[in-house]
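Note sheet for the following structure.
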Amino acid sequence: MTYFKDVEQIKYKGPKSKNLLAFKYYNPEEIVNGKSMKDQLRFAMSYWHTFTFMGVDPFGSPTMDRPWDSSEDAMEKAIERVHVAFEFMEKAQIPFFCFHDADIAPRGKDLEETNKRLDIIVGVIKEEMKRTGIKCLWGTTNAFGDDKFVHGAGTSCNATVFAYAAAQIKKAMEITKELGGENYVFWGGREGYETLLNTNTGLELDNLARLLHMAVDYAKEIGFDGQLLIEPKPKEPTKHQYDFDVSTVLAFLRKYDLMDHFKLNIEANHATLAQHTFQHELNMARINGALGSVDANQGDLLLGWDTDQFPTNIYDTVLAMYEILLDGGLKKGGLNFDSKVRRASFDEYDLFYSYIAGMDTFARGLKVAAKLLDDGVFEDFKAKRYASYNEGLGKDIVDNKIGFKELEAYALEHGVTKNTSGRQEMLEGILNQYIMETE
C-alpha cells in the first residue's frame with residue numbers, strides 16, 4: 001500500500017525552483033570537497049520523532065492522526081509503520097535511519113515477549129532494507145521511558161533495574177548488529193539526579209562506567225564492530241545529567257578508561273541547553289578525537305527546553321560542517337534528523353517539507369564550509385595569529401623545553417611584545433559574505 005501517493009521521489013531542482021517538494025541545495029551526486037553530498041552528509045531519519053511523535057506536549061494531547069496508525073493491534077500498527085517509514089525514506093532520498101528499540105516494536109508484558117516482538121519487527125525491517133538499500137546508522141535502547149527507570153537505569157539505586165537496563169542494551173546491540181548498524185548510541189535519559197540529599201553520586205557514576213565496560217565487552221563478544229557513541233545532554237529529564245556536555249563526558253571517559261572505546265554523538269539542541277553553541281561542542285569533540293556522529297536539529301532560544309526543531313539556521317549549519325570537514329568528514333557517523341514537526345504541523349505531508357528544509361540547510365552549509373576551507377579564510381588567519389609559537393620562545397614552550405625559571409628570565413629581559421587585533425567583526429563579516437555569495 002502507498003501512503004504518500006501525491007509525492008514522487010524528491011529531486012534536486014536548484015535554488016530558483018518554486019517546487020515545494022524539491023531540493024533547492026541538496027544535490028546528492030554533486031561533488032563537494034572530494035566526495036558526493038550524499039556521502040558527505042549521510043542523512044538519517046529518526047524513527048521516533050518521525051513515526052511515533054503524535055504531537056503530545058506537557059500541556060496538550062495528541063494532534064496527529066496518521067492514516068497508517070489505524071489498526072487497534074499494536075504489532076500490526078508497528079509493522080505498517082515500517083513500510084511507511086521506508087516509503088518515506090525512499091521518496092525523500094534519505095539513505096539511513098536511527099531507532100530506539102521502543103520506537104520500532106511495542107513493549108510486551110515482560111522482557112521475553114518484548115524481545116520476541118522486536119525480532120518480528122527486525123525481520124520486517126531487514127526485508128525493507130534489502131528492497132531499498134537503505135541502511136541503519138545507529139540503534140539504541142529506551143532505558144528512560146518506563147516507570148521502572150524513575151531513578152535512572154545504569155545509575156539506579158535499585159540493582160534489579162540495573163540488570164534490566166543491561167538486558168535491554170544487550171538486545172538492542174544484538175538487533176543493531178543484525179541490521180548492520182554502523183554505530184550504537186548511549187543517551188543518559190535519566191542518568192542524573194534531582195537532589196544530592198538522597199544521591200550517592202560516586203556509586204552512580206562508578207556503576208554507569210561498569211555498565212559501559214560491560215557493553216564494550218559484549219560488543220567484542222558478538223563481533224559488533226560499529227562505533228560506540230555517547231550523547232551529551234545537560235538537563236531534561238533530570239535536573240542534572242551526568243553527561244552534561246562534551247567536556248564532562250570526556251572527563252568521565254578518561255577517568256574510567258573508556259576513551260579508546262567511545263566517541264560522541266553531538267546534538268545541536270543539547271548544546272544550546274548547556275549554554276554552548278553547536279560549533280563549540282563539535283569543536284571540543286573534534287580536538288579530542290572524539291567526534292562520532294551528529295543529531296541535526298535546533299532549539300528555540302526563547303524556550304528553555306529541548307524543542308527538537310528541524311534545522312533551518314544556515315549560520316549554524318555552516319559552522320557545524322566546518323568542524324566536521326576539519327575532522328575529515330563524518331566517517332561512520334551521519335546527520336540524524338533528531339527533529340520533529342511542530343505540534344501544529346499535523347498533516348503527514350509536513351514531514352516532507354520539514355526534511356527538505358533540514359537537508360537543504362545542511363547542504364548549503366556544507367558548500368559554504370567547503371569554500372571557506374578551500375580559501376583558507378579562518379585557518380590562515382589563525383595560523384598568523386599564533387605564529388609566535390612557531391619559533392624562538394613560543395616553540396620552546398610548545399616543545400616543553402623550558403619552565404618557570406626560564407620564562408621569568410625571558411620576561412625580565414624582554415617584556416611583552418604588542419598584541420594584535422583579533423578582528424572578530426571582520427571575520428564575522430567575511431563569514432556572512434560567504435554565506436550570501438557561495439553557490
Side-chain angles (χ1 to χ4, degrees), residues 10 12 15 20 22-28 32 37-38 40-50 53 88-89 92-98 137-138 185 231-233 246 264-274 276-283 285 291-303 305-325 327 329-330 333-345 350-370 372 431-432 434-436 438:
I10 309 302
Y12 171 73
L20 297 178
F23 295 121
K24 314 306 184 298
Y25 298 101
Y26 178 54
N27 184 359
V32 180
M37 274 195 180
K38 179 180 178 181
Q40 287 282 21
L41 297 168
R42 290 169 60 86
F43 288 132
M45 181 200 75
S46 62
Y47 206 98
W48 55 101
H49 282 329
T50 310
F53 174 64
F88 175 78
M89 286 186 282
Q93 293 204 60
I94 301 170
F96 294 95
F97 68 95
C98 302
L137 184 67
W138 55 254
V185 170
E231 181 173 331
K233 187 178 184 183
V246 168
L264 276 61
N265 186 57
I266 310 299
E267 179 177 317
N269 204 166
H270 293 179
T272 52
L273 287 176
H276 300 311
T277 64
F278 188 20
Q279 184 190 19
H280 169 87
E281 290 290 84
L282 291 167
N283 178 271
L291 178 51
S293 195
V294 173
D295 273 4
N297 61 19
Q298 68 186 38
D300 190 322
L301 296 180
L302 300 181
L303 299 173
W305 62 85
D306 202 8
T307 56
D308 287 330
Q309 296 173 229
F310 276 85
T312 55
N313 186 325
I314 183 66
Y315 200 92
D316 284 346
T317 61
V318 168
L319 297 178
M321 291 310 304
Y322 190 84
E323 294 294 332
I324 290 167
L325 291 178
D327 200 49
L330 287 163
L335 293 173
N336 168 49
F337 286 102
D338 189 6
S339 313
K340 57 192 176 189
V341 293
R342 298 301 85 199
R343 186 168 182 266
S345 300
D350 288 320
L351 295 172
F352 284 100
Y353 301 134
S354 301
Y355 271 88
I356 290 168
M359 294 165 78
D360 268 344
T361 304
F362 261 96
R364 177 72 167 170
L366 168 65
K367 293 192 72 171
V368 176
L372 286 164
L431 174 59
N432 284 346
Y434 272 72
I435 289 173
M436 290 184 276
T438 300

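Given the structure is predicted, the values throughout are model-derived calculations rather than measurements. The residues of the chain are indexed from 1 along the displayed sequence.
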**OP:** Fit a plane to each ring of Phe337 and Phe362, take the angle between them on a 0 to 90° scale, and name the class: parallel (under 30°), tilted (30 to 60°) or perpendicular (over 60°).
**Re:** perpendicular
Original post:
Between Gln309 and Arg342, is there a donor-acceptor pair closer than 3.5 Å when you use the side chain of the first and the backbone of the second?
Top reply: no
Subject >> Considering all heavy atoms, the nearest Ala44-Cys98 contact >> reply: CB-SG, 3.9 Å
Original post:
What are the two closest heavy atoms between Glu281 and Ala271, and how far apart are they?
Top reply: CG-CB, 3.6 Å
Subject >> Straight-line distance of Met321 CE to Leu282 CG, nearest 0.5 Å >> reply: 9.5 Å
Original post:
Counting only N and O atoms by type, is there a donor-acceptor contact under 3.5 Å from the side chain of Gln40 to the main-chain atoms of Leu366?
Top reply: no
Original post:
Counting N and O atoms only, with roles assigned by atom type, does the side chain of Ser339 sit under 3.5 Å from a partner on the main chain of Ala296, one being a donor and the other an acceptor?
Top reply: yes
Original post:
With no hydrogens and no angle check, do the side chains of Ser345 and Tyr353 hold a donor and an acceptor under 3.5 Å apart?
Top reply: no
**OP:** Measure from the side-chain N and O atoms of Glu231 to the backbone N and O of Asn265, and report whether any donor-acceptor pair falls under 3.5 Å.
**Re:** no
Original post:
Taking Thr272 for the side chain and Gly299 for the main chain, is one N or O donor matched with an acceptor at less than 3.5 Å?
Top reply: no
Original post:
What orientation do Tyr26 and Phe43 show, parallel under 30°, tilted 30 to 60°, or perpendicular over 60°?
Top reply: perpendicular
Original post:
Are the side chain of Glu267 and the backbone N or O of Asp338 linked by a donor-acceptor pair below 3.5 Å?
Top reply: no
**OP:** Find the distance between CD (Gln298) and OG1 (Thr307) and round it off to the nearest 0.5 Å.
**Re:** 7.5 Å
Subject >> Spatial distance of atom OG1 (Thr361) from atom CD1 (Ile356) [nearest 0.5 Å] >> reply: 11.5 Å
Original post:
Quick one: does Asp308's side chain have a donor or acceptor within less than 3.5 Å of a partner on Asn269's backbone?
Top reply: no
Original post:
Between the main-chain N or O of Gly334 and the side-chain N or O of Ser293, is there a donor-acceptor pair closer than 3.5 Å?
Top reply: yes
Original post:
Side chains of Leu20 and Phe352: closer than 4.5 Å at any heavy-atom pair?
Top reply: no
